[in-house]
Every structure is written in C-alpha cells, then in structure tokens.
Amino acid sequence: MSIAIESLQLIKRYPGQKKEDRPAIDTIDLTVESGQLYGLVGPDGAGKTTLLRILSTVMEPTSGSARLAGFDVMKQSEDVRALLGYMPQAFSLYPDLTVMENLKFFADINGVSAQKQKTRIDELLEFARLTEFTMRRSENLSGGMRKKLALACALIHDPKILLLDEPTTGVDPVSRRELWRLLSKVIQQGVTVLVSTPYMDEAERCNTVSIINRGRVLISGAPAELEAQLPFRIVEVKAKPRRALRAVADRTEGVIRWRAVGDRLRLSVSDPAKVMPRIEAELKKDGAEISILREASLLMEDVFIHLVEKQEAQS
Amino acid sequence: MGQGFRRMATMVRKEWLHIIRDPRTLGLVIFMPVMMLVLLGYAVANDVEDLPLAVADLSHTDASRALVEKFTVSGFYLVTHTAQSEAEILEMLDAGTVKAGIYIPEDFGRRISTGGSGTVQFYIDGSNPTVAQTAQLAAETVSQATSQEILVQRLERGGAGLTISLPIDTRIRYLYNPNLRKMNFMIPGLVAVILQIQTLLLTAFAIVREREQGTLEQLIVTPVRSWELMLGKILPFVLVAFLNVAMTVGVGAFLFGVEVAGSLTLLAILSLIFLLGSLGLGVLISTISQTQMQAMYMSSFIMMPSFLLAGLLYPRDNMPWVAYYAGYLMPVTYFLEIVRGIMLKGVGLATLWVWVWPMAVFSVVVFFASVFMFHKRL
C-alpha cells in the first residue's frame with residue numbers, strides 16, 4: 001500500500017505566539033495510507049484546522065515537512081493542488097452564485113474540460129441530491145445542502161486525496177448521516193479521505209483515527225484497536241434514586257472514574273467480573289432499585305477522555 | 001499559457017457575476033462619480049458672479065448713477081438693495097442679505113464735476129476669502145476703469161477737439177480657460193480622482209471579500225496562478241472605470257460645457273496606464289488587509305493626500321515646499337497634469353511626456369509588486 005499523506009515533525013507557530021508558548025501544531029508525524037478514511041479527532045482548538053490547512057497547501061508550516069502523493073506541500077504546491085480536493089470548515093463557496101454557477105466555476109478553474117463537465121456535474125448533483133436546486137443561490141441553501149455542495153465542488157476535478165475540515169459541524173443529524181454515506185461512496189472510488197471531527201462517535205466510522213489534543217497526536221490506530229488497548233472496561237448502570245447510585249459509584253472499590261450519560265452512569269472499571277457484584281450489593285444495601293447493570297462496549301469517547309486525562313497529568 | 005488564459009477568463013466571468021448580482025453597489029459605482037461631479041460643480045466650484053450688492057447713493061447725480069451701473073455691468077455684482085446710510089449697509093452685511101455695499105456720499109457728484117476727487121466707501125463681507133478676493137478685485141477694477149474714463153473726458157473737454165488715449169493699454173488674454181471658470185479646472189481633476197477612488201476601493205474590496213467569505217482558502221487550492229487571479233479580478237473593474245471616465249467627461253461636456261480639447265484616444269490610453277497603478281495599489285492594500293473595514297481605512301490613507309496634495313482643489317504652486325514635493329510621490333499628481341493638459345490645452349504626448357513617464361514607471365512597478373506580493377497562502 002502506498003502512502004497518500006505524510007507529515008514529518010510538523011510544527012506551526014502563529015506569528016502572535018511567543019517562543020515559550022505551545023505551538024498550534026506541536027511536532028506532528030502522520031502517515032495516511034492510500035484509500036483510507038482517516039479521522040482526525042480532537043476538541044476545538046486541538047490544531048485540526050491548522051494541520052489540514054498545512055496539508056492542503058493553504059498555510060505554510062513553521063518547520064517540518066509534509067507530502068501528498070509524494071509531492072512536497074511547500075516546494076511542489078501546484079502539483080499537490082492538482083490532485084487535491086479541500087473543503088474548509090467555514091462555508092467557502094460564493095453565496096451570490098447559484099449551485100450550478102459554483103460548480104461550473106470550480107470545474108473551469110480546475111481545468112476540467114467542457115466535455116468532462118457535462119457528465120461530472122450531473123453525476124455530482126445527483127450524488128449530492130442537489131439536482132432540483134441548480135438555480136438556487138448558495139446563500140439560500142440549508143446548512144446541510146451547503147456542505148454537500150461544497151463537497152461536490154471539492155470533488156469536481158476527481159481528486160485523488162480529499163481533505164475535509166469538520167464537514168459535519170453545525171449540520172443536523174440527518175444531514176450528518178448523509179454526508180458520511182457520501183464519504184463512504186467517495187472512498188469506494190479509491191479516493192483517500194482525511195477528515196477532521198470533534199465528534200467522538202464519528203471517529204468510529206473511520207478506518208484509522210488519530211486523536212489530537214493541544215497540537216499533539218495522542219494516539220493513532222483503528223478505532224477497535226484503540227478501544228481494546230484501554231486498561232479498563234465499561235460498566236453501565238441505571239438505578240433509582242440517582243443520588244444513591246452516584247454515592248455508590250464514588251465509594252465502590254475498583255471504579256476508576258464514572259460519568260453520567262443520559263439517565264445512566266458509565267463506570268470505568270478495572271475488572272467488571274469483580275466490580276459488578278460489588279456494585280449490586282452496595283446498591284441493594286442502600287435500598288436502590290436497579291434497572292440496568294451490565295458491561296457495555298467501549299467508545300472512542302472513553303479512549304479520548306482517558307488519553308486527555310493522561311496528557312494533562314503528565315504536563 | 002492557454003490554460004492560464006482560460007482560468008483568467010473564468011475569474012473574469014465570476015467577478016462579472018458578482019458585479020451584476022449586486023445592483024445596488026453597481027448603481028453606486030456608476031452614479032457616484034456623476035453625483036460627485038454635479039455636487040462639486042454646483043456647490044464647490046461656484047464662480048463668483050451676481051454678488052448681492054447694497055447701494056447707498058446720497059449723491060443722486062449722473063456720475064454716481066454711472067458708477068453703480070458699471071458695477072452691475074461687470075457681472076460680478078447685482079444691486080439687490082438700496083440704502084440711505086452707511087449704518088444701514090452695515091446692518092445688511094451683518095444679516096448676510098448682501099455680500100458687499102457701496103456708499104456714495106452727497107458731495108460725490110459735485111467733486112467729480114469740479115475736477116476734484118470723489119470718495120466712495122466700499123464694504124466687502126470677508127468671511128469667505130475666495131469671494132472677498134474676487135469682490136475686491138472687481139471693485140478696484142471697476143472704479144479704476146471709471147476713473148480713467150472720467151479723466152479722459154476731462155482732458156478731451158479741456159484740450160479743444162483732442163482725442164486722447166491712455167499711454168499704456170494692457171490687454172490680457174487667458175489661454176486654455178478663457179473665462180477662468182473653475183469647472184474647467186475641476187472636471188479633469190475629477191476624472192483623475194474618480195478613477196483613483198473607484199479602482200482602488202473596488203479591487204481592494206473584491207479581493208478582501210474573498211478572504212472574509214473564506215472563498216480565498218478554496219481558491220488557493222485550485223491551480224489558478226497569482227497573476228491569473230489578479231488580472232481576473234481587475235479586468236472587470238477596468239471596464240467599470242472606463243465607463244466612469246466616459247460618464248464624467250460626458251456630464252462635464254453636457255452639463256457644464258467643459259469640452260475635451262485634445263485627443264480622446266490619448267486620454268483613454270494614458271488613463272489605462274494610470275489605472276494599472278491604481279489597481280495595483282488596491283491589490284497591495286488587499287494583501288495587507290484582513291477585512292473590508294481595514295481595506296477601507298487603508299484606502300483613505302492613500303485617497304486623502306491625493307485629494308489634497310495632487311492639486312485637485314488647490315493649485316500646487318501655492319503649497320509649502322513639503323506639500324509640493326510630497327505631491328510628486330502620488331501618481332494622481334502626474335495624471336492630473338495629463339488630464340488637464342489633454343482636456344483643456346489639447347496638447348499631445350510630446351508635451352505631456354514629462355508627466356507620462358514617471359506615472360508609467362509608478363504603475364508598472366506597483367502592478368508587478370502587487371502580483372508578486374500576493375501569495376497564494378493564508
């Protein structure tokens with residue numbers, strides 16, 4: 001398998017940042033194999049946008065290097081641009097132009113031949129389900145439709161690599177699902193996709209994820225692998241009264257930490273087989289009524305919280 | 001090259017769509033120059049004529065009446081009020097009902113007819129120096145001319161049948177602007193200033209807007225080259241600017257009777273060279289501005305001095321030396337001379353060359369600097 005995206009010792013320090021401050025991007029090494037759906041997961045301000053801007057040749061790094069399909073993003077930026085599709089986080093199409101005009105503009109500027117355009121534009125309109133809206137100005141599209149149009153524009157010249165900066169932020173859940181469905185279609189056509197997201201649940205959809213926080217990659221790997229590496233399991237409990245449940249979670253031995261999710265608690269425990277009976281006993285002692293007590297599957301969110309706490313403890 | 005040209009054409013097409021999609025801005029862009037011209041034409045550049053004059057003629061003689069009539073005939077004054085005393089004239093000046101007053105004492109006629117010297121008191125409202133200067137000059141000219149006439153009459157009457165003429169007869173002929181009308185001075189200046197403002201602001205805005213909207217980020221990752229992007233952005237505005245020049249010159253001719261004495265083609269070509277520099281400045285501003293607001297303020301840094309120092313409103317010859325030489329730093333200064341030369345004097349390239357070459361150097365340098373400075377990066 002060839003390598004589509006690669007960064008080495010990448011550092012970005014913004015002009016306003018002092019020497020002693022932590023740079024926005026703090027020595028990131030990243031390797032993305034071709035044909036992958038690769039996720040960059042991290043909270044706001046982690047450095048996802050900066051990293052994607054450097055990789056898409058929009059911004060220059062302070063030091064380090066990055067290559068896309070073997071081309072250097074600094075020295076061979078025009079070669080990189082020819083095979084790259086990029087969708088910035090903010091809506092970045094012309095609001096006063098119609099759907100069709102935007103598509104045609106990006107097709108022309110990318111040098112897509114008139115002949116190719118005929119089929120490609122129709123194809124993408126159908127793909128993004130925008131065929132009925134070709135005459136509508138993009139400022140009058142809904143949030144989800146704008147994202148889909150931006151995706152279509154980024155794909156107009158058949159890029160080999162697609163970089164997407166938080167495509168699902170600020171989009172309703174239905175459109176979010178649709179966007180991910182579109183991305184999986186793009187992957188099927190052999191395009192390498194690097195996508196950033198602040199949503200942990202979306203990371204599960206990727207082949208590989210890198211969790212980044214405060215300018216550093218904390219861990220990379222397939223979601224299932226990352227979850228398996230965790231030194232704890234998750235137990236899900238629902239019981240009434242909730243106050244008693246919290247008190248039990250706090251005092252029971254073997255519970256590393258817990259957090260409330262909806263109407264239940266998720267406990268991180270070292271060994272569920274030992275801890276679950278203990279919790280059951282404690283709750284009964286307090287006269288609580290248990291409705292759920294079971295081991296639950298690990299989530300990316302658990303991985304993320306664990307890693308961030310570890311990072312914070314170190315620094 | 002073929003591909004580059006196609007990409008540039010794509011940019012032009014898109015920019016044109018932006019322009020026509022925003023009819024309000026387009027309207028402003030087209031009618032602002034005409035509005036400025038009309039406003040300046042009627043308000044600022046008003047020539048001094050028909051100043052309201054109050055007359056207190058206590059002499060009631062042919063001589064006094066002849067003097068008053070001379071004032072009226074000169075065209076500078078219009079007798080709107082009559083008074084009986086100096087105090088009454090002063091009251092009218094205080095109230096602002098008249099701008100000047102003339103008081104002719106009772107003994108004026110007698111003194112003139114007996115060969116003596118008649119004293120006349122003239123009052124001028126000096127609050128507006130420009131008006132006052134003209135009024136004073138006119139008053140002096142009129143009274144001197146009248147004195148000469150009286151003198152000649154006396155001599156002729158005395159020396160039997162002699163025809164007397166004054167020893168020196170100075171005749172002044174103004175070239176290029178025979179009636180010394182301010183509009184003739186203003187309109188060519190407006191052409192220059194409008195070109196400067198429009199192109200500077202419009203290009204700066206057009207590029208900074210892409211930055212504000214985030215579309216620049218998207219453009220950066222396309223294969224479009226810097227110069228294609230720049231030219232694509234600029235060309236539609238060249239067209240708009242030319243439309244503006246044509247309208248300004250047209251309105252100047254029809255509404256104010258200022259006709260172009262020289263070659264229109266030469267005017268167009270030299271305007272194009274000037275435009276290049278002006279557009280380049282707009283691009284330079286856009287490369288250092290993050291928002292349209294910043295671009296606006298940055299532009300006024302350039303526009304204010306060009307209004308004041310280039311010699312649009314005030315002749316540069318009267319400026320202190322710092323301001324005078326600072327004027328040479330601005331391309332508008334050269335262009336102003338060129339436009340006035342072509343429109344008023346009708347001179348050709350050979351005469352204008354001293355102004356053309358510095359402007360051309362400036363334009364080329366600024367334009368290439370702007371393309372060079374514009375990095376396809378955030």
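Protein chains get the first letters and strands the later ones, always in sequence-line order, with residue 1 at the start of each.
The candidate from Val224(B), Leu216(B), Thr222(B), Asp22(B) with the greatest count of non-hydrogen atom pairs under 4.5 Å with chain A is Thr222(B). Between chain B and the residues Glu101(A), His157(A), Met59(A), the largest count of heavy-atom pairs under 4.5 Å involves Glu101(A). Note: Lys14(B) leads Met8(B), Arg7(B), Lys14(B), Met11(B) in heavy-atom pairs under 4.5 Å with chain A. When each of Ala9(B), Gly214(B), Pro223(B) is checked for heavy-atom pairs under 4.5 Å with chain A, Pro223(B) comes out on top.
Under the 3.5 Å distance criterion, the side-chain polar atoms of Ser138(A) are matched with a main-chain donor or acceptor of Tyr94(A). A donor-acceptor pair under 3.5 Å is formed between the side chain of Tyr334(B) and the backbone N or O of Tyr328(B). Between the side chain of Ser92(A) and the backbone N or O of Pro88(A), no donor-acceptor pair lies under 3.5 Å.
There is no contact between Gln89(A) and chain B, counting heavy-atom distances below 4.5 Å. The contact between Phe106(A) and chain B is made entirely by side chain atoms (from C-beta outward), counting heavy-atom distances below 4.5 Å. Only the side chain of Arg13(B) has a heavy atom closer than 4.5 Å to any heavy atom of chain A. Only the side chain of Glu210(B) comes within less than 4.5 Å of a heavy atom of chain A; its backbone N, CA, C and O stay farther away.
For the atom pair Leu219(B) CG and Gln213(B) CD, the distance stands at 10.0 Å (nearest 0.5 Å).
The shortest distance between side-chain heavy atoms of Asp29(A) and Gln9(A) falls below 4.5 Å.
Nearest heavy-atom pair, Arg21(B) versus Asp96(A), reported as atom, atom and distance to 0.1 Å: NH1-O, 2.8 Å.
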